[in-house]
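Heavy atoms only: backbone and side chains are in, while hydrogens, waters and symmetry mates are out.
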Amino acid sequence: GVLIVDGSAPLAGKLQCPVRIEIKDGYARKIPIAALARLIAPLGKKALNVAEFGIGLNPRARVTGNTLEDEKARGTAHIAFGNNSAFGGRVSCPSHLDMVFLKPLIYADGVRVNI
């Protein structure tokens, strides 16, 4: 599949242009943000693992370019790559990178989820 990230990303802050990330077999093929790509290159495939999907529900959080807050802002969603062992996943690596979507369209079992 293909993800179009248009909110924020670590080391990049608020994105000026959407970023296209191709996913295959549960892994990103690459992260097309140069600073992030350099950071995770030595970590190997595990750093590209699709680790988490979340929906922002906090009406007081704002999208500022700090992904720690951005991912919680109501009306956003995020996907993370890398480590997920801390919350029951099977991939352990020294990186966990959240990418934030603004006003995402989310479907579960073919039904649109209103956030």
Side-chain angles (χ1 to χ4, degrees):
V2 174
L3 301 172
I4 305 296
V5 180
D6 63 349
S8 64
L11 300 179
K14 278 181 147 179
L15 297 174
Q16 300 303 311
C17 299
V19 174
R20 184 180 191 275
I21 301 174
E22 191 174 330
I23 306 294
K24 184 168 182 177
D25 298 325
Y27 292 87
R29 288 189 165 267
K30 66 178 185 174
I31 303 292
I33 298 171
L36 289 178
R38 284 190 301 274
L39 178 73
I40 65 173
L43 304 177
K45 185 176 179 180
K46 287 183 178 182
L48 298 173
N49 171 59
V50 175
E52 169 189 14
F53 173 75
I55 298 172
L57 299 173
N58 187 335
R60 300 193 102 161
R62 300 287 175 254
V63 177
T64 64
N66 177 344
T67 57
L68 190 59
E69 180 176 5
D70 298 349
E71 69 180 28
K72 296 166 182 70
R74 176 178 233 144
T76 66
H78 70 280
I79 196 159
F81 298 98
N83 185 57
N84 63 6
S85 63
F87 45 88
R90 295 183 178 154
V91 174
S92 179
C93 76
S95 126
H96 181 89
L97 302 170
D98 293 295
M99 311 279 186
V100 179
F101 306 94
L102 305 174
K103 300 179 185 171
L105 297 177
I106 301 168
Y107 291 82
D109 293 331
V111 178
R112 185 169 173 190
V113 177
N114 293 316
I115 60 170

Path from Ile106 to Ile79 over hydrophobic side-chain contacts below 4.5 Å | no

Hydrophobic side-chain clustering at under 4.5 Å (ILVMFWY, transitive links): who's grouped with Val2? Put none if nobody.
-> Ile4

Could you tell me which residues satisfy side-chain contact (heavy atoms from CB on, under 4.5 Å) with Arg60, sequence neighbours excluded, listed by chain and number?
-> Asn58

Roughly how far, to the nearest 0.5 Å, is CD of Glu71 from CG of Asn66?
-> 9.0 Å

For the residue pair Pro104 and Ala77, what are the closest heavy atoms and their distance?
-> CG-CB, 3.6 Å

Solution key, residues 30-54 side-chain donor-acceptor pairs under 3.5 Å, sequence neighbours excluded:
from  : atom 1 : to    : atom 2 : distance (Å)
Asn49 : ND2    : Gly82 : O      : 3.0
Glu52 : OE1    : His96 : NE2    : 2.8
Glu52 : OE2    : His78 : NE2    : 3.2

Asn83 meets the side chain to side chain donor-acceptor pair (under 3.5 Å) criterion, sequence neighbours left out, with Ser85

Quick one: which residue pairs count as a side-chain hydrogen bond (donor to acceptor under 3.5 Å, both in side chains) with a foot in residues 100-115, not counting sequence neighbours?
-> none

Under 3.5 Å, sequence neighbours excluded: what are the donor-acceptor pairs made by side chains of residues 5-23?
from  : atom 1 : to     : atom 2 : distance (Å)
Asp6  : OD1    : Leu102 : N      : 2.7
Ser8  : OG     : Asp70  : OD2    : 2.6
Glu22 : OE2    : Arg29  : NE     : 3.0

